[in-house]
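Presented below is the structure to which this report refers.
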Amino acid sequence: MPELPEVETTVRVLKPKVLKRTFVDVWTDAPKLIKKPESLSEFKKRIKNKKIKEIYRKGKNIIFELSGGLSLLIHQKLTGHLLIGKWTFKNGKWIAPSGPLSEKMNRFLHLVFTLDNGQMLALSDLRKFAKVELWKTEKLKNSSTIKNLGPDPLEKTFNFSKFKKIILSKKGKIKQVLMDQTVIAGIGNIYSDEALWRAKIHPFKDISKLKEKELKELYKNIREVLKKAIELQGESISDYRTPTGKKGRFDRFRKVYRREGEKCSRCGATIKRTKLGGRSTHFCPRCQLLTR
DNA sequence: CGATTCCCCTGATAGC
DNA sequence: TGCTATCAGGGGAATC
């Protein structure tokens, strides 16, 4: 499930491989992934012969800035991940070279861009939830997709007082607020659970009940866990893989997410899983008390 | 305007 | 064995 660290890893790995490259061809067996423009032929026509001038992350979105005043936006959602390599097309399907790209999770190719050096940029997406949009760069900047995003938690300007201010301006349960992309951009289910465990805060704790000390711990731990995950190229307990098809190595630092029934590494209590707003939520019932 | 619900999709898993 | 029902889940749209 790509969140900020996984999307950042994708951008960092792709960057040297795609900068200054030109799109020469597009293949898809799932045209519904392409939301903009609506017509696939129009999408193909517009993206062909455009050069990748820049690639960057905005929240969980990947944006390729192209020549001709265009920008390609890709959101990987739950199971999407971008891969780079050289596949061959045989009998209606893509054959991956041996190595990580041929591994199971990388087989669900639904969109393949061929670049001018023969390399391919491919979107593997088991559940086909990803979205691909081609925008005029100026329009994208003013779009609600971009404008409604909250600040990036790793930006230099994102200091504690800014964090405190935006969190306290919201109401509700802390985990839900952390996952709200209009509040802070980039945190999802995994890293909200992990940051809250590190900060010893119960995911259901109401914003209004948070103490100054807890806010400070949370601020610090959000940034630390995200940085650590980027350093390790993200987590791959589920579908995510880096663009070369390899697993991220954050797993050994994962303390609660998908660890229901295991012992808390800090206090030994049994990790619990519940639902919050339709999302599974993991926490330690002993070190993350609701009332403290 | 905010809060909630539905929907997109398919592999894995449980139940019969 | 093989079928069917359920679940997971980001975010956008529709609805309350």
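Computed from a prediction, not measured in an experiment: that's the story for all the values here. The basis for the numbers below is simple: all heavy atoms, side chains too, and nothing from hydrogens, waters or symmetry mates. Lettering of chains follows the sequences in order, A, B, ..., and the numbering in each one begins at 1.
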Examine A:Tyr191 together with A:Phe250 and report whether their ring centres are nearer than 6.0 Å.
yes
Please identify each residue that fulfils side-chain contact (heavy atoms from CB on, under 4.5 Å) with [X], with sequence neighbours left out.
| X | value |
| --- | --- |
| A:Thr242 | A:Thr9, A:Gln233, A:Tyr240, A:Thr244, A:Lys246 |
| A:Lys86 | A:Gln119 |
| A:Ser41 | A:Ser39 |
| A:Phe204 | A:Lys173, A:His202, A:Thr274, A:Leu276, A:Thr281, A:Leu290 |

Given a cutoff of under 4.5 Å between side-chain heavy atoms of I, L, V, M, F, W and Y, with clusters grown through shared members, what are the other residues clustered with [X]?
| X | answer |
| --- | --- |
| A:Trp197 | A:Val256, A:Ile271 |
| A:Ile95 | none |
| A:Phe108 | A:Met105, A:Leu126 |

Under a 4.0 Å N-O cut-off, is there an ion pair linking A:Glu194 with A:Arg198?
no
Taking A:Glu260 first and then A:Arg273, would you say they form a salt bridge - that is, a charged N and a carboxylate O separated by under 4.0 Å?
yes
Double-helix bend of the helix from B:dG2-C:dC16 to B:dC16-C:dG2, axes at both ends from 5 pairs, round to 10°, gives 50°
Using a heavy-atom cut-off of under 4.0 Å over every strand shown, decide if A:Met179 touches base, sugar-phosphate, or nothing.
nothing
Counting any heavy atom closer than 4.0 Å, what does A:Lys275 reach on the DNA or RNA strands: base, sugar-phosphate only, or nothing?
sugar-phosphate
Which residue in the set A:Arg223, A:Lys60, A:Arg57, A:Lys58 passes salt bridge (charged side-chain N to carboxylate O under 4.0 Å, His left out) when paired with A:Asp152?
A:Arg57
Range on DNA chain C touched by chain A - first to last nucleotide, heavy-atom distance under 4.0 Å:
C:dA8 to C:dG12
Under a 4.0 Å heavy-atom cutoff, the residues of residues 71-78 of chain A touching DNA chain C are A:His75, A:Lys77, A:Leu78
Short side-chain to backbone donor-acceptor contact, A:Arg259 and A:Cys264, under 3.5 Å
no
Any A:Lys32 side-chain N or O less than 4.0 Å from OP1/OP2 of B:dC9:
yes
Of the residues in residues 123-142 of chain A, which ones touch DNA chain B at a heavy-atom distance under 4.0 Å?
A:Leu126, A:Arg127, A:Lys128, A:Phe129
A:Lys136: what forms a salt bridge (Lys or Arg N to Asp or Glu O under 4.0 Å) with it, not counting sequence neighbours?
none
